[in-house]
Amino acid sequence: MLILDMISEYRYPDGERIMRSALRAAPNIARLRDRAHAARLPVIYVNDTAGKWESDPKAFVDRCMQPDSRGRKIVQLLAPTPEDYFMFKPRHSAFFGTPLHALLEQLRIHRLIATGITSHQCVLFTAMDAHVREYELIVPSDCVGAGAAADTRHALYIFSHALMAKVVGSRQVRI
């Protein structure tokens, strides 16, 4: 299971709108993550840092949990556990400039569940890279979001029609 860009202070252009969408998706992502944990499936957080390169996931998560952080409620709900993987990405795709593909090969993963924000950018670019690497792809429609609902609707169409992803509600995802 991939959780993309949910750990954030949401201090970037459109951050307030994207955060509202993330707040709607976060409980669904948390339930799906808990199911993945119960099934002993890997959960991998891949996060950007709004232009500032980071190398310490714990310090980053701690900063996002501060009382003055816009994303505090989301991070409290979705903070990585010690058994989860966490990596930073420099661009939109979780595969670009990260060890994600090598980690997935080591874990012998062939199916990805992609969740997070933004649906039409980071989740979509990651899904495209997963598709060309021949991963089976599931995108729970209630676990992705963007600043505008139209962006998410468009991304869901691309996921299902161009990338042959299974797009279903999170409760329908078979773990």
Any side-chain heavy atom of [X] within less than 4.5 Å of one from [Y]?
X	Y	answer
Tyr85	Val43	no
Ile117	Val144	no
His101	Tyr135	yes
Ile113	Pro140	yes
Leu103	Met87	yes
Phe88	Pro57	yes
Ser141	Val168	no
Pro42	Ile109	yes

Check: [Y] main-chain N/O paired with [X] side-chain donor or acceptor under 3.5 Å:
X	Y	result
Gln172	Gly169	yes
Asp129	Ser93	no
His120	Ala155	no
Ser21	Ile18	no
Thr126	Ala94	yes
His154	Ala150	no
Asp14	Arg17	no

| query | Can His37 and Asp84 be said to form a side chain to side chain donor-acceptor pair (under 3.5 Å), step by step? | reply | CA-CA 9 Å; His37 284 161; Asp84 297 329; 2.6 Å; yes

Review point. Got a sec, which residues hit side-chain contact (heavy atoms from CB on, under 4.5 Å) with Gln76, two or more places apart in sequence or on another chain?
Key: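 With neighbours one apart ignored, the set is Met65, Arg72.
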
Hey, could you give me the [atom1]/[atom2] distance between [X] and [Y], rounded to the nearest 0.5 Å?
X	Y	atom1	atom2	result
Leu100	Leu2	CG	CG	6.0 Å
Thr118	His92	OG1	NE2	7.0 Å
Met164	Glu136	CE	CD	13.5 Å
Ile29	Met1	CD1	CE	6.0 Å
Arg70	Tyr12	CZ	OH	9.0 Å
Arg35	Arg33	CZ	CZ	13.0 Å

Anything under 30° is parallel, anything over 60° is perpendicular, the rest tilted; go ahead and classify Tyr45 against Phe86.
-> parallel

Determine whether Phe95 and Arg133 satisfy the following criterion, side chain to side chain contact (heavy atoms under 4.5 Å, CB included), listing intermediate values before the conclusion. CA-CA 10 Å; Phe95 287 93; Arg133 288 171 174 81; 3.7 Å; yes

Return the minimal non-hydrogen interatomic distance between [X] and [Y], and the atom names on each side.
X	Y	value
Ala22	Met6	O-CE, 3.5 Å
Ser119	Thr152	OG-OG1, 2.8 Å
Ser69	Ser8	OG-O, 4.0 Å
Leu32	Ser170	CD1-O, 3.9 Å
Leu4	Cys122	CD1-O, 4.2 Å
Met19	Gly71	SD-N, 4.2 Å

Which residue, Leu137, Val139, Ile138, forms the side chain to side chain contact (heavy atoms under 4.5 Å, CB included) with Leu112?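 The residue from Leu137, Val139, Ile138 that satisfies side chain to side chain contact (heavy atoms under 4.5 Å, CB included) with Leu112 turns out to be Leu137.
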
Would you indicate whether Glu83, at its atom CD, is surrounded by more than 12 heavy atoms from other residues, nucleotides or ligands within a distance under 6.0 Å?
-> yes

Taking CZ in Arg171 as the centre, count heavy atoms belonging to other residues, nucleotides or ligands within less than 6.0 Å. Is the count above 12?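 Atom CZ in Arg171 is not crowded, with 12 or fewer foreign heavy atoms closer than 6.0 Å.
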
Exercise for review: Report the C-alpha distance between Ile3 and Ile44 in whole Å, list the side-chain angles of each, state the deciding distance to 0.1 Å, and finish with yes or no for side chain to side chain contact (heavy atoms under 4.5 Å, CB included).
Suggested key: CA-CA 6 Å; Ile3 300 177; Ile44 305 168; over 6 Å; no

#### Entry: Test side chain to side chain contact (heavy atoms under 4.5 Å, CB included) applied to Leu163 and Leu124, step by step
CA-CA 10 Å; Leu163 305 180; Leu124 180 60; 4.2 Å; yes

Exercise. So, for Phe125 and Phe96, is the gap between ring centers shorter than 6.0 Å?
Worked result: no

Could you see if Tyr10 belongs to whatever hydrophobic cluster contains Val61? Use Ile, Leu, Val, Met, Phe, Trp, Tyr and a side-chain cutoff under 4.5 Å.
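Yes, same cluster.
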
Checklist entry - With the threshold set at 4.0 Å, does a side-chain nitrogen-carboxylate oxygen contact exist between Asp5 and Lys89? => result yes

